[in-house]
Amino acid sequence: TWDSGKILCFSNTPAEAAPPPVPSMQHSAAAVKGQEQARKRNEKKIAAVMADIEKLRDKLEKKKAEYTRMSEDHIAVSADYKIKDKFALDNSACWVLTIELDCPVETVALQCDVDVELMDVDSNIAIVSKSEPEKDSGSRLLATYRNTESTNRIDMKLRTTEGQHGTLQAFLVPSLAPKTAQSATYQIRPLSLHQRLTEKPAELEDLTLNTLTLQGAFSLADLNSWVGQCLPDVPEKIATDEVVFFYRSTFQGTHLVCKYKAGEGVFRSDNVSTLAIIKDFITKQATARKIQVKSPFEIKDETCTNVLALLHPKLEYQLGLSEKVKLIEALKEIEMQEQDVSFMSGPYRTILDDAKQIQKEYALQPRRLEFLHGIVRSLYVDKNRFRGQNVTHKLPLLQAQLESYRLKELQDFFAQN
């Protein structure tokens with residue numbers, strides 16, 4: 001018998017494909033005609049789509065032009081994002097402005113009508129640009145923070161100058177389209193670097209304090225409002241007939257005691273300038289209300305000596321930066337030659353380790369030193385102003401003392417003048 005079946009064969013060599021059938025002349029002409037008709041239909045569809053795109057483009061350009069004309073005189077759109085902000089004094093005698101949105105922050109522009117110094121923030125990834133304000137513009141600071149990465153939060157740190165008061169404005173631009181901006185305003189108070197204490201400090205008993213008393217036909221609410229405009233963290237409403245607040249300067253370390261009631265306020269501080277600022281500000285506010293104020297005072301010379309001693313470490317540090325910068329290059333050369341610098345004394349190793357920070361601070365030294373010199377000059381002027389003496393002609397002598405700084409000599413100058 002014969003069996004039937006199939007034989008399968010597998011090969012890794014591709015089999016030769018059968019040649020396509022050769023179309024007949026009649027079939028070829030029909031195919032060409034069909035392809036030509038399909039091409040024309042596609043061209044018509046493409047032309048129609050392109051015409052629609054062109055119409056939409058023209059419509060968009062018209063809307064853009066209309067939007068631009070409206071934006072010249074009106075706010076373009078309403079902002080639909082919320083600002084979470086905080087403006088607080090920290091222990092380093094700087095105000096920290098924290099702004100957070102519910103969308104990425106692109107740019108924050110700052111404008112201030114009093115002198116402030118922008119400080120570095122380690123966690124800040126923004127690029128800071130400062131512009132010189134135009135004369136007679138009323139601005140003392142114009143700065144822009146531009147984020148380089150997508151973030152919903154930005155921190156800015158600044159130091160104010162006590163005795164000056166005004167407003168800080170922040171203009172916020174988020175990463176949204178179309179572009180909009182919101183503004184926020186913050187008050188800079190005359191004694192902005194003073195921090196309120198929750199209780200009476202123990203060291204207050206050992207301090208020698210100057211005293212300023214303000215008397216007049218003002219109510220407790222009036223005086224509390226004036227103090228609140230001068231100092232931070234003063235409650236708007238008072239439930240008692242007399243209040244006592246304790247403050248400490250975060251920059252100088254001096255103290256202030258405020259005790260007041262209707263018709264009288266007693267202010268005690270170991271810093272003459274603090275009392276001078278309070279006297280000038282509250283007297284001006286009372287005069288605007290046509291309220292006459294008497295201001296008896298008691299000034300003690302030794303308080304100026306103590307304030308200069310408190311400022312001494314800061315002055316000495318700023319003056320010492322020049323000497324440290326001169327040493328950096330020499331120490332780096334020794335480090336390159338010796339590799340191991342463990343034989344160096346501790347202060348020299350510290351200069352090497354902190355070289356970048358020292359050079360950075362040295363670049364800012366003229367401004368920082370002038371800030372400290374300004375505090376000393378104000379202290380000298382205020383001390384003599386309380387006594388009714390104008391010492392403007394002696395300021396060059398004081399400046400000479402500051403340039404050849406020695407603490408004991410400066411204290412002697414205050415005591416003798």
Side-chain angles (χ1 to χ4, degrees), residues 88-94 162-163 189-215 220 223-224 226-235 238-282 293-317 372 375-376 378-387 407-408 410-415:
L89 180 65
D90 67 5
N91 292 327
S92 65
C94 294
E162 290 204 323
R189 293 175 172 83
L191 291 174
S192 54
L193 297 182
H194 277 68
Q195 191 173 56
R196 185 179 163 189
L197 306 177
T198 55
E199 58 184 18
K200 181 180 179 180
E203 62 268 26
L204 203 60
E205 298 294 338
D206 301 325
L207 292 177
T208 301
L209 301 177
N210 306 292
T211 304
L212 169 68
T213 304
L214 299 177
Q215 300 168 334
L220 174 60
L223 188 51
N224 187 70
W226 299 334
V227 173
Q229 294 175 56
C230 191
L231 285 157
D233 301 325
V234 175
I238 300 296
T240 58
D241 294 333
E242 185 176 81
V243 293
V244 180
F245 295 131
F246 300 97
Y247 282 87
R248 181 179 180 274
S249 169
T250 55
F251 186 77
Q252 299 182 51
T254 55
H255 289 78
L256 170 65
V257 182
C258 306
K259 182 179 180 180
Y260 52 90
K261 57 185 178 181
E264 183 180 76
V266 180
F267 303 89
R268 304 173 68 223
S269 175
D270 51 339
N271 190 339
V272 174
S273 292
T274 300
L275 297 184
I277 291 170
I278 292 174
K279 178 179 180 292
D280 291 344
F281 183 81
I282 293 182
V293 175
K294 295 180 180 180
S295 53
F297 57 86
E298 182 184 1
I299 304 300
K300 299 180 179 178
D301 288 341
E302 59 265 36
T303 58
C304 291
T305 301
N306 296 337
V307 172
L308 293 175
L310 289 172
L311 290 172
H312 174 66
K314 293 180 173 62
L315 283 164
E316 194 174 44
Y317 178 79
L372 292 169
I375 293 175
V376 175
S378 295
L379 181 67
Y380 181 65
V381 171
D382 292 335
K383 182 197 84 164
N384 287 282
R385 191 154 59 95
F386 268 111
R387 295 174 174 174
L407 175 59
K408 185 62 171 63
L410 185 60
Q411 289 174 331
D412 291 342
F413 179 87
F414 266 72

Atom [atom1] of [X] and atom [atom2] of [Y]: how far apart are they, to the nearest 0.5 Å?
X    : Y    : atom1 : atom2 : answer
L308 : I375 : CG    : CD1   : 11.0 Å
D301 : N306 : CG    : CG    : 11.0 Å
L311 : T254 : CG    : OG1   : 8.5 Å
L275 : S295 : CG    : OG    : 11.0 Å
I299 : K383 : CD1   : NZ    : 10.5 Å
T303 : L207 : OG1   : CG    : 10.5 Å

With distance as the sole test, does [X] use its side chain to make a donor-acceptor pair with the main-chain N or O of [Y] at under 3.5 Å?
X    : Y    : result
E162 : L193 : yes
D270 : H255 : yes
K279 : F386 : no
N210 : K300 : yes
T211 : R268 : no

Worked verdict on Y260 versus V227 for side-chain contact (heavy atoms from CB on, under 4.5 Å):
CA-CA 10 Å; Y260 52 90; V227 173; 3.9 Å; yes
Where [X] and [Y] come nearest, the two heavy atoms and their spacing:
X    : Y    : answer
E242 : T240 : O-OG1, 2.9 Å
Y247 : P232 : OH-O, 2.6 Å
S273 : D382 : OG-OD2, 2.8 Å
P190 : I277 : CB-CG2, 3.6 Å
R385 : A276 : NH2-CB, 3.8 Å
T208 : E302 : CG2-OE2, 3.5 Å

Are any of the side-chain heavy atoms of [X] and [Y] separated by less than 4.5 Å?
X    : Y    : value
F245 : P235 : yes
F267 : I282 : yes
L256 : I278 : yes
F414 : T305 : no
V272 : V307 : no
R248 : Q195 : no
L410 : Y380 : no
H194 : T274 : yes

Stepwise side-chain contact (heavy atoms from CB on, under 4.5 Å) test for L220 and D241
CA-CA 8 Å; L220 174 60; D241 294 333; 5.5 Å; no
Quick one: is the NZ or CZ of K314 closer than 6.0 Å to the six-membered ring centre of F251, and within 45° of its axis?
yes
With distance as the sole criterion, is a donor-acceptor pair present between the side chains of N271 and S269 under 3.5 Å?
no
